Amino acid sequence: MEEDFEFDFSEDPRFSVERYEEMIRNQDQYFFDAQAFESIIEYYVEKNDPIKALQVAEYAINQHPFAAVFSIKQAQLYLATNQFDRAFESLNKAETLEPSDADIYTIRGNIYEGLERNQDALDNYEKALGLAESTDEILLHIAYVYQSMGDYENAVGYLKQCLEQNMENQDALYELAFCYDVLDKQEESIKFYEQYIDNEPYSYAAWYNLGNAFNKMDLYEKSIDAYDYAILIKDNFASAYFNKGNALVHLDRYTEAIEVYKHTFEYEPPSGDTYTAIGECYEKLERMDEARSYYKKAVKLDPSQSDAWFGIGVTLDFEERYFESLYFYKKALDLDDKNADYWFAIADAQYKLKQLDESEKAYEKVLELNPVDIEAWLDYSSILFEQDKLTAAIEIISEGIKNNPDSAELYYRMVAYLFAAHQFGEALIYLETALNSDPEKHHILFEYLPQLHENKVIVDIINRYTR
């Protein structure tokens with residue numbers, strides 16, 4: 001039997017929910033005012049039950065067919081459940097009832113944004129801007145659209161407008177830092193956040209982003225100061241501790257970095273990234289047992305941590321356990337086969353194990369991925385030289401010089417190989433080039449072929465550049 005009276009449940013929305021659920025159990029029809037329906041829908045949204053919330057919205061529309069708010073809420077719920085066509089239908093109905101409601105155009109913009117129909121999204125957000133009382137979230141979404149279009153300059157403009165409307169919009173602060181990073185405008189980023197902090201000195205997000213900007217400009221002492229302010233304001237700010245640790249690593253302050261990284265465990269569960277970072281610090285301190293322990297923790301927690309597998313290999317290599325290290329290098333390579341550092345370590349380990357053919361192939365891969373790696377050119381050619389493959393060694397160094405025409409090391413090595421091949425005239429030409437490039441590095445030549453100390457022509461040429 002339909003009840004033709006209503007109660008005022010505005011004091012406690014739970015009464016409205018209980019009465020609604022009683023109606024469903026009894027398969028009856030009760031009347032609810034608009035406010036009660038809104039509180040019931042909100043209850044199910046907070047319970048993360050959009051299906052029940054949609055059922056409530058349908059009842060609300062039946063009882064209040066001219067209330068645009070329920071068609072809008074219905075559209076929001078359809079959007080949340082990826083029912084875009086139905087969401088559009090609900091928004092069209094709402095627009096007929098209340099065309100001046102900004103939420104209609106904001107939600108429609110959200111749908112178009114998700115569908116990557118960027119211009120349609122922008123058109124609707126612009127309509128919403130003209131109707132809404134609070135615009136910071138709309139401005140933020142316009143910035144998102146411009147970011148997806150690759151127009152970061154426009155995105156920056158809208159993010160700044162967003163922050164003018166609401167200085168505490170944390171998402172806008174982080175997105176602005178991202179845009180400045182993409183645009184490689186760290187100085188502009190620093191200037192903005194310093195001005196922002198003048199007005200909002202207790203914004204931990206602003207201090208954090210300022211620290212990140214300093215970090216990217218290699219101003220590590222300043223970045224640490226900024227992270228410290230962020231931590232002072234929000235003492236459980238794990239990301240600030242982690243990034244402060246990274247800055248300390250750049251300053252070779254590994255012991256301090258370890259302690260800062262460990263602070264993150266007080267505020268969030270350990271992660272593979274953090275364990276790996278701690279392992280790298282112990283590795284730099286040559287405390288290999290501790291480094292290996294943390295690398296193992298990292299891969300146990302996250303087997304996809306390629307740098308941790310690699311780190312285990314590095315610690316074993318340090319202990320001259322080359323065969324074991326090779327196994328872990330290859331584990332890392334399985335996860336990231338485009339990493340030139342992994343290939344280099346494998347090439348080096350194979351060389352130490354006298355697996356020369358395999359080492360040569362690995363060095364070829366290093367140079368394919370990273371042709372500006374001077375050490376790889378030198379080491380690869382050296383393997384060939386040691387096997388009396390002198391012509392091949394000269395060819396490799398020649399190729400290295402083509403890729404690195406400013407590298408004095410390669411020119412000096414070429415001089416050594418050419419002398420070994422009795423190509424003295426050409427060797428002297430390369431020696432002049434090397435000395436013009438960097439005369440202070442001439443010792444490289446004698447380290448590789450000490451007997452050249454006895455060559456008066458070479459010594460005289462070097463003396464002309466170094467005295």
Side-chain angles (χ1 to χ4, degrees), residues 45 48 50 53-54 57 68-193 196 205-206 208-209 212-213 216:
V45 167
N48 196 26
L54 273 167
V69 61
F70 296 117
S71 292
I72 291 171
K73 288 189 178 295
Q74 189 180 51
Q76 288 174 316
L77 293 162
Y78 280 138
L79 172 58
T81 53
N82 296 318
Q83 300 180 66
F84 301 134
D85 289 341
R86 288 187 173 183
F88 280 128
E89 290 173 11
S90 297
L91 290 171
N92 291 340
K93 182 177 178 182
E95 189 174 4
T96 302
L97 295 168
E98 190 61 63
S100 63
D101 194 315
D103 287 343
I104 296 167
Y105 308 102
T106 301
I107 298 166
R108 194 181 280 146
N110 293 161
I111 300 171
Y112 283 131
E113 185 182 338
L115 295 171
E116 297 184 0
R117 290 172 58 176
N118 295 322
Q119 192 54 55
D120 290 326
L122 290 174
D123 291 343
N124 278 275
Y125 287 142
E126 290 294 342
K127 282 185 184 177
L129 277 180
L131 297 167
E133 291 183 13
S134 175
T135 60
D136 64 302
E137 285 298 319
I138 300 169
L139 290 162
L140 178 61
H141 276 280
I142 293 174
Y144 287 147
V145 175
Y146 278 116
Q147 282 179 255
S148 70
M149 294 167 68
D151 186 349
Y152 294 97
E153 292 284 3
N154 254 324
V156 165
Y158 278 97
L159 289 167
K160 286 182 176 180
Q161 288 183 55
C162 171
L163 290 165
E164 286 170 9
Q165 298 293 319
N166 179 7
M167 292 285 280
E168 296 181 2
N169 193 310
Q170 304 291 322
D171 290 335
L173 279 173
Y174 288 109
E175 290 301 321
L176 188 60
F178 171 75
C179 289
Y180 278 132
D181 195 21
V182 171
L183 293 167
D184 196 23
K185 291 187 173 181
Q186 300 306 332
E187 290 181 5
E188 195 172 322
S189 179
I190 288 168
K191 182 179 178 182
F192 172 83
Y193 284 110
Y196 184 93
Y208 174 74
N209 285 309
N212 290 343
K216 291 183 176 77

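Values below: every heavy atom of this structure, side chains too, minus hydrogens, waters and symmetry copies. Just so we're clear, the structure is a prediction, and the values are computed from it rather than from any experiment.
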Quick one: pull up [atom1] in [X] and [atom2] in [Y] and give me the separation to the nearest 0.5 Å.
X	Y	atom1	atom2	answer
Asn212	Phe178	CG	CZ	13.0 Å
Leu97	Ile104	CG	CD1	8.0 Å
Gln74	Leu79	CD	CG	12.5 Å

Contact list for residues 106-116, test salt bridge (charged side-chain N to carboxylate O under 4.0 Å, His left out), sequence neighbours left out: Glu95-Arg108
Any residue meeting ring-ring contact (aromatic ring centres under 6.0 Å, His included) with Tyr105, in chain and number order, not counting sequence neighbours: none
Applying ring-ring contact (aromatic ring centres under 6.0 Å, His included) to Tyr152 and not counting sequence neighbours gives none
Side chains of Asn92 and Ser90, donor plus acceptor under 3.5 Å: no
Does the side chain of Glu137 pick up a donor-acceptor pair with the side chain of Asn169 at under 3.5 Å? yes
Does Ile111 form a side chain to side chain contact (heavy atoms under 4.5 Å, CB included) with Asn124? I'd like the steps, not just the answer. CA-CA 10 Å; Ile111 300 171; Asn124 278 275; over 6 Å; no
For Ala213, what residues pass the side chain to side chain contact (heavy atoms under 4.5 Å, CB included) criterion, not counting sequence neighbours? Gln186, Ser189, Ile190
Quick check: are there more than 12 heavy atoms from other residues, nucleotides or ligands sitting under 6.0 Å from CD of Glu168? no
So do [Y] and [X] actually touch side chain to side chain, heavy atoms under 4.5 Å?
X	Y	value
Glu126	Ile142	yes
Phe192	Leu163	yes
Tyr146	Leu159	no
Gln147	Cys179	yes

List the atom of [X], the atom of [Y], and the distance in Å for their closest heavy-atom pair.
X	Y	value
Ala94	Ser71	CB-CB, 3.8 Å
Leu173	Ala205	CD1-CB, 3.8 Å
Ala121	Gly109	CB-O, 3.6 Å

Across all chains, not counting sequence neighbours, the salt bridge (charged side-chain N to carboxylate O under 4.0 Å, His left out) partners of Arg117 are Asp120
Write out all pairs satisfying ring pair (Phe, Tyr, Trp, His ring centres under 6.0 Å) with one or both partners inside residues 110-139, taking only residues at least two apart or from two chains. Phe88-Tyr112, Tyr125-His141
Take Met149 and Leu122 through the side chain to side chain contact (heavy atoms under 4.5 Å, CB included) test and state the conclusion after the steps. CA-CA 11 Å; Met149 294 167 68; Leu122 290 174; 4.1 Å; yes
Does this structure show an ion pair linking Glu153 with Lys185, if we count only N-O contacts that are shorter than 4.0 Å? yes
Mark yes or no for whether Tyr193, through its side chain, and Ala177, through its backbone, hold a donor-acceptor pair below 3.5 Å. yes
